[in-house]
Amino acid sequence: MEQDPRSYPVAILPGGDAPEVHQHQTQAYFKSYEQQQPYYQNQYPQSHTILGAEDPVEPKEKRICGVRLSILFFVTTGLLFLVIAALALVGGLLGSKISSLETSYPALASNVAAIAGGSTSGGNDQIAPIDDNTNTGTETPPPSQTSSAPVSYSTNVVVDGYRYVGCYYDDTQRLLIDQPAKGNSSMTNLMCSRICAGFKYFGTEIGIDCYCGNRIEERTPSAKANEWDCSVKCPGNNRGRKEVCGGDWSITLRRPLSSRLVPKIPHQKRPYAFQTSGIPTSFQVFNNRTKWLQRERAASNAEASRQADYLKDEVAMRVAERLLDVKRTFPLTLDFGAYTNSLARALTNPNPDPSQPDADIPPLATKIGKLVAADSSQKALFRDAELEFNKEINMERVVLPYEEGPLPWENNTFDMVLSSLSMHWINDLPGVLGQINRILKPDAPFIGAMLGGDTLFELRTSLQLAEQERRGGIGVHVSPLADVKDVGGLLGKAGFKMLTVDVEDIVVEYPDTFALMEDLQAMGEGNAVLGREVGAIGKDVLLAAEGIYRELHGSKVEDGTVRLPATFRVIHMIGWKEGGDQPKPLPRGSGEINLRDVLGTK
């Protein structure tokens with residue numbers, strides 16, 4: 001076949017220019033070839049490429065989303081192999097984890113079996129040591145204990161300083177019997193550990209309840225529950241983690257990270273009655289930790305708290321005056337809720353009877369051999385430890401836990417118990433009165449004073465009206481207080497005899513409501529109700545309350561300024577523990593003289 005003339009060689013001379021004859025020949029060949037081009041296209045349409053003709057159309061390959069099918073196939077196959085490899089790796093890791101749990105869980109279960117009930121043959125509580133090497137981070141259900149397992153399972157977070165023991169049935173709410181339940185709608189395991197500071201165990205139940213204890217109630221081994229029975233999420237956990245706080249009638253139990261044995265404590269019946277976790281906790285009104293923090297913060301500013309001690313000092317003076325009518329001495333006396341030791345200062349007052357300024361009466365401290373001042377606020381208790389009055393009285397300071405519990409003194413210890421303006425913050429007032437009766441010696445007095453009744457009713461009503469007008473509702477800003485008609489019944493139920501209850505109002509005037517609130521804060525008397533609204537009161541509500549207070553309760557003085565009165569209702573109480581030589585009233589119906597004859601009435 002004839003070669004494409006365009007591919008013929010052309011002779012090039014050394015000078016770089018082609019001879020003319022060769023150029024003419026090349027043009028002739030091109031012209032001849034172009035005339036014959038249609039012939040070649042018809043004869044060899046598929047086998048030859050002819051200059052000037054269009055390229056043959058190649059068959060198009062199928063595409064998906066613009067990608068060739070062959071390329072897409074190879075990419076998909078590669079991704080599939082990667083997924084299979086990843087699944088195989090995850091399966092291997094899970095298998096090793098399950099294998100480690102199968103080997104570690106029996107050791108953990110054997111170590112904590114005694115906590116559920118100890119030895120089946122023993123009657124006392126026995127707590128087994130827990131191996132420090134056991135897993136303490138998460139709660140994992142035991143493998144294949146039942147035929148069916150829950151679909152989902154929630155893990156627990158690590159609580160610093162504590163080890164997770166297990167999930168236990170607590171249908172009677174008496175597994176931890178040393179401390180009543182502390183309910184909180186924002187409960188977390190960390191919060192419960194702080195509430196139970198000082199106890200050997202703590203546990204959370206039904207999401208909001210926290211239990212503390214130094215020993216575990218005797219139970220059978222069947223008290224151990226499945227781990228998934230404790231699956232109620234902690235309501236205070238807002239960080240997205242699945243943290244559990246027990247379950248319905250199930251408690252998550254923890255103990256400190258110490259491998260030492262907990263000493264055996266024989267079970268003893270209490271010689272007194274007070275609120276326990278087996279009874280519904282109807283007395284949980286105040287947050288004990290919040291109140292402790294308020295008092296610690298107030299006492300840390302010594303100068304401001306001393307200026308706000310005027311009310312406590314006045315009430316302490318009036319409590320001390322009641323000792324003038326008692327003609328006996330008291331070798332050992334307890335000041336329960338001493339706070340800043342206002343009673344100790346009142347007992348060292350050189351003039352104990354203001355009604356007789358010229359009388360030569362020695363200080364009441366001479367009647368007391370030793371005064372034990374007890375309070376939960378360490379800063380308040382030792383605030384005035386360097387002042388002169390400490391040298392005039394034999395005094396010992398004792399710091400109590402801020403959580404309510406058994407008083408740390410034996411029966412029949414004290415010759416007298418005093419209390420001034422501290423008992424209105426107690427949740428279980430009947431239980432505390434019963435414990436005071438327990439630690440008193442026979443025929444020994446309890447003399448106390450507490451705020452109650454309509455205390456600060458002016459501030460209460462002003463805030464309620466202001467919130468109703470500004471926010472369309474009311475909140476709890478003033479604590480609920482006991483009424484005088486209830487105090488006598490509480491003393492009688494606690495076992496006291498020869499009761500005396502009286503009430504007096506102390507009215508203090510302030511320039512405005514802000515000065516009143518500032519002094520209440522400096523006294524450590526801020527709001528500590530469990531259901532209180534978190535955060536400060538709004539400025540609009542405070543300004544509205546200021547105007548309402550002035551309009552409803554304000555009174556003008558001689559210089560024309562308006563003063564705002566604040567009423568503090570103080571309930572004084574005296575009760576004596578029953579004793580053998582104590583006077584007793586005659587039985588009903590034994591009287592021999594008719595009262596009508598004495599009064600001369602018909």
Side-chain angles (χ1 to χ4, degrees), residues 115-116 136 139 154-217 219 223 225 227 229-239 241-257 262 274-293 376 400-406 425-428 431 528-532 534:
I115 294 180
T136 63
E139 299 172 2
S154 298
T155 59
N156 244 301
V157 300
V158 177
V159 180
D160 293 339
Y162 287 87
R163 141 185 345 276
Y164 172 68
V165 175
C167 179
Y168 287 84
Y169 292 122
D170 193 27
D171 51 348
T172 60
Q173 295 184 332
R174 289 183 59 84
L175 189 64
L176 295 175
I177 62 177
D178 292 322
Q179 180 67 36
K182 302 295 180 183
N184 194 302
S185 58
S186 301
M187 181 62 65
T188 62
N189 287 288
L190 181 60
M191 178 188 296
C192 186
S193 68
R194 292 173 178 173
I195 292 175
C196 298
F199 289 91
K200 292 186 175 71
Y201 301 93
F202 82 88
T204 51
E205 188 170 342
I206 64 172
I208 61 174
D209 285 349
C210 174
Y211 293 88
C212 316
N214 290 321
R215 63 191 181 92
I216 309 298
E217 185 195 41
R219 300 292 296 273
E227 293 299 319
D229 290 327
C230 295
S231 59
V232 177
K233 186 176 180 181
C234 302
N237 182 12
N238 55 3
R239 292 171 290 180
R241 294 184 297 178
K242 292 182 178 180
E243 179 183 0
V244 297
C245 288
D248 295 333
W249 310 114
S250 299
I251 185 172
T252 56
L253 189 64
R254 284 179 170 84
R255 60 166 293 174
L257 287 172
V262 179
F274 70 98
Q275 186 76 9
T276 65
S277 58
I279 305 175
T281 55
S282 58
F283 296 106
Q284 297 300 317
V285 180
F286 308 112
N287 190 321
N288 298 109
R289 179 174 176 79
T290 299
K291 176 49 56 184
W292 173 72
L293 290 173
S376 60
L400 300 175
Y402 63 81
E403 289 292 347
E404 298 174 21
W425 289 114
I426 294 176
N427 285 305
D428 186 11
V529 179
L530 278 174
R532 72 192 186 283
V534 179

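Side-chain atoms of Met187 and Asp209, non-hydrogen and from C-beta on, never get closer than 4.5 Å to each other.
To the nearest 0.5 Å, the span separating CD1 on Ile426 from CG on Asn288 amounts to 9.5 Å. Distance check: Gln284 CD to Asp428 CG gives 8.0 Å after rounding to the nearest 0.5 Å. The distance from the CG atom of Leu253 to the OH atom of Tyr201 is 7.5 Å, given to the nearest 0.5 Å. Remark: Cys210 SG to Ile251 CD1 distance equals 8.5 Å, nearest 0.5 Å. Taking OG from Ser193 and CZ from Arg254, the interatomic distance works out to 9.0 Å, rounded to the nearest 0.5 Å. Rounded to the nearest 0.5 angstrom, Asn189 CG and Phe202 CZ are separated by 5.5 Å.
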*Verdict with reasoning, Val232 to Cys245, per side chain to side chain contact (heavy atoms under 4.5 Å, CB included)*: CA-CA 6 Å; Val232 177; Cys245 288; 5.9 Å; no

*Verify side chain to side chain contact (heavy atoms under 4.5 Å, CB included) between Lys291 and Asn287, making sure each step is shown before the conclusion.*
CA-CA 6 Å; Lys291 176 49 56 184; Asn287 190 321; over 6 Å; no

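Looking only at distances, no side-chain donor or acceptor of Glu205 sits under 3.5 Å from a matching main-chain atom of Gly247.
By the 30° and 60° cut-offs, the orientation of the rings of Tyr402 relative to Trp292 is parallel.
Considering all non-hydrogen atoms of both residues, Cys230 and Ser250 come closest at SG-CB, 3.7 Å.
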